[in-house]
**Q** 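After the structure tokens below, expect a handful of questions from me.
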Amino acid sequence: MDKLSTDKPLPAKPIVSQPVVTQSVVVERSARRAAKAGASSALEVKDLRKSFGAAEALRGVSFSLGSGERVALLGPNGAGKTTLIRCLCGRTRPSGGKIKLFGQTVSRNQSRDLIGWVPQEIALYSDLTTRENLHAFASFHGIERRRRKRQVEWALQWTGLEKRADELVGTFSGGMKRRINLACGVLHEPKILLLDEPTVGVDPQSRQRIFTMLDQLSAGGTSILLTTHHLDEAEQRSDRIVIVDKGKVVCDGTINELVEQTVGASRLVKIKVRRQLESSIDRSEAIDQLMSRPEAIETDSNSEMLSARIDDVAIQLPQLLARVKRRGYEIVNVEVTSPSLHHVFLHLTGHDLRD
Amino acid sequence: MIRSVIETSVRRLLHNRIELMLMFAMPIAFFSIFALIFGSGVAGATKSIKVVVVDEARSPFSERLSDLIRVSTGLRPMRDEDDRPIDRDKAESMVRTGSVAVAIVLRQSTESPRSTPLPVDLLSDSSDPVASQVVSAIVGRALSSAVQPSPVQPDAPENPPVANESPINVIDVMGEGKSNPIVSMYAAGIAVMFLLFNATSGGGALLEERENETLDRLLSTHLSMDELLLGKWFYLSAMGMVQVTLMFLWGQLLFGVNLTGHIDGFIVMTVVTSGAAAAFGLLLATLCKTRGQLNGLSVILILTMSALGGSMVPRYVMSPELREVGLYTFNAWALDGYDKVFWRELPIDTLSPQVAVLLASGFVFLVIARVFAIRWEAN
């Protein structure tokens with residue numbers, strides 16, 4: 001299906017008003033995926049609920065995390081992401097539902113060995129050195145002395161902070177603190193790593209470094225569940241995306257699946273023309289001349305940009321350009337954009353990630 | 001602009017109840033406490049100085065003098081528990097144990113009773129200099145009254161003459177032989193007050209850990225809340241012991257406090273006091289929500305306890321009522337213990353009431369702190 005519109009990114013409201021799949025379908029799929037994953041999952045969450053008094057923070061969350069899989073947990077502020085992470089790492093007691101690790105309901109002590117948690121805050125002792133912090137958290141994780149020393153040396157190397165090992169953490173940049181924060185959560189070699197906004201407030205270089213570190217963990221078979229506000233991070237750095245809103249999973253799948261399920265796979269084509277569209281031209285008439293489906297037209301006569309949505313770039317794009325030319329417009333630039341996670345997010349939640 | 005700064009500051013103050021209390025309620029509270037201590041408190045103390053009268057002379061005059069002393073206002077004559085006559089040694093022991101502030105000993109004159117006055121020894125505890133001076137004045141007045149012939153008793157026994165020089169001899173039974181006796185008392189007072197401040201500040205680390213999610217992280221490891229609190233309690237107790245020891249060592253080096261001579265009692269008192277102070281610090285930390293709140297509350301509580309408990313002003317200058325109130329503070333028991341060790345030089349077993357109270361309060365503080373800390377565990 002082709003759609004022609006003005007030079008605006010995919011607007012939230014019109015799309016939300018015509019969802020491709022309903023939320024209940026998404027939740028059902030998510031639950032099915034979780035059930036299907038079953039014993040092979042590193043982490044399986046089933047109908048997880050948490051209420052704080054009358055407020056329901058989690059209203060039946062179900063999803064799974066495969067072994068070695070990297071899943072991004074997205075949701076607007078107050079969606080229940082942090083509560084979910086806290087439930088998973090044992091810091092918040094769920095009101096209902098089940099959490100299984102490697103197919104089994106495990107004891108608190110076992111889960112502490114299997115799960116590593118990296119909180120959003122820099123939860124370190126700023127008046128200790130890097131090495132001292134690592135030693136302290138290694139001992140809290142119950143790592144015996146000899147192995148502790150090995151792990152600390154590994155963490156220093158992994159974070160690239162060997163040369164700063166004996167400096168106080170309080171004197172470090174935000175990015176360096178984040179790396180140590182991360183290292184303190186994986187010293188005990190957990191099978192599952194939960195990260196709450198691991199790159200918040202750090203520069204692009206540090207972000208890159210942190211993701212390289214996570215890549216190494218992933219390669220080693222660690223399952224990673226991370227919350228983030230960076231959609232690009234979620235899109236590029238995760239195998240799967242789970243979107244939660246108002247305490248429920250509203251979407252669960254790979255980026256392609258999410259796009260397919262929600263906004264559809266059509267590409268947005270933006271065509272810049274040399275002169276302004278003639279104001280005298282009747283809108284539908286102009287569209288009739290350009291496209292075969294005039295019902296989707298929205299245009300601004302003063303604009304030099306034309307926008308259209310096409311499903312098949314190889315076939316429909318040449319046709320579209322030919323029609324524009326035939327109409328007498330000289331084409332200056334053509335831009336084809338795939339639907340992004342941002343559009344999916346807007347579609348599902350009705351608002352921006354940071355709202 | 002200036003107005004905006006003032007308005008903002010006032011608004012911020014109004015939102016901070018602890019700061020408001022520190023600014024307005026604390027000065028009034030402290031003024032009241034010190035007014036009670038130094039105002040009616042001192043007067044109250046002079047009305048009931050505990051004394052014991054020992055009549056060694058056993059003459060009609062000494063009996064009359066003894067009776068006059070016993071009915072004097074401002075004194076509270078004490079008796080032996082078994083109502084047996086008290087001799088000088090027993091009286092001195094009562095002063096040493098703090099049962100009485102002054103023992104009045106009416107001595108048998110070695111010379112002719114007609115030529116010399118009746119000598120009076122006041123066995124005093126110089127930690128309460130006010131008491132010995134007041135008792136000395138009252139005894140002097142009683143002596144004067146006793147030597148005057150009574151018109152209603154024409155056949156009264158002959159009075160001994162009163163010499164020009166004072167027959168009252170004040171003997172400091174406590175401070176004798178001590179190089180700098182009073183300093184040990186102040187060392188304990190200051191040490192206990194700062195022990196509380198440091199324990200509270202150390203306990204505040206728990207709140208800092210909570211504020212930056214370190215506490216959550218710690219509790220997501222194998223560390224339990226019990227272990228965390230006990231670890232912090234041991235640490236704070238040990239630091240407290242080191243702190244008090246350093247203070248007394250410094251006192252010994254520079255001010256002549258006899259630490260090494262009282263090392264056993266010092267160790268007992270320092271261990272239990274540090275433990276209780278550490279538990280108190282943890283209790284306050286778990287009670288508060290933020291470090292700012294803890295700072296405000298600890299200043300209010302510790303200063304009040306120190307004022308009432310004798311860390312700032314010795315409790316002997318307080319009225320009996322205030323002294324009673326002081327017993328509800330941590331400081332009073334700790335200072336009483338150190339007082340027994342360094343001042344009264346009593347054997348360790350006499351410390352049992354203080355040790356028991358401090359141990360019990362430390363245990364109760366820890367239990368309450370643990371209960372408060374439940375809210376920081378998984379919710």
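Every chain is numbered from 1 and lettered A, B, ... according to where its sequence line falls, protein lines coming before strand lines.
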**Q** Measuring heavy-atom distances to chain B, does Cys87(A) have an atom under 4.5 Å in its side chain, in its backbone, in both, or in neither?
**A** neither
**Q** Does atom CZ (Phe197(B)) have a neighbourhood of more than 12 heavy atoms from anything else shown, all under 6.0 Å?
**A** yes
**Q** Which region of Leu124(A), side chain (C-beta onward) or backbone (N, CA, C, O), has a non-hydrogen atom less than 4.5 Å from a non-hydrogen atom of chain B, or is it both or neither?
**A** both
**Q** Centroid separation under 6.0 Å, is that true for the rings of Phe255(B) and Phe248(B)?
**A** no
**Q** Select all residues of residues 222-238 of chain B having any heavy atom within less than 4.5 Å of some heavy atom of chain A, and report them by number, or 'none'.
**A**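 Near chain A, by residue number: His222(B), Leu223(B).
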**Q** Quick one: does Leu195(A)'s side chain get under 4.5 Å of Leu182(A)'s, heavy atoms only?
**A**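 Side chain of Leu195(A) against side chain of Leu182(A), heavy atoms only: contact under 4.5 Å found.
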**Q** Looking at every non-hydrogen atom in both residues, tell me the closest pair between His262(B) and Val341(B) and how far apart they are.
**A**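 Shortest heavy-atom contact: CD2-O, 3.1 Å.
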**Q** Taking only residues at least two apart or on different chains, which pairs with a member in residues 274-294 of chain B satisfy ring pair (Phe, Tyr, Trp, His ring centres under 6.0 Å)?
**A** Phe280(B)-Phe365(B)
**Q** Would Arg148(A) and Glu144(A) pass as an ion pair if we require N to O under 4.0 Å?
**A**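 No salt bridge links Arg148(A) with Glu144(A).
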**Q** Identify which part of Glu209(B) has an atom lying under 4.5 Å from any heavy atom of chain A, answering side chain, backbone, both or neither.
**A** side chain
**Q** Are the charged groups of Glu56(A) and Lys248(A) less than 4.0 angstrom apart, N to O?
**A**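 Salt bridge: no.
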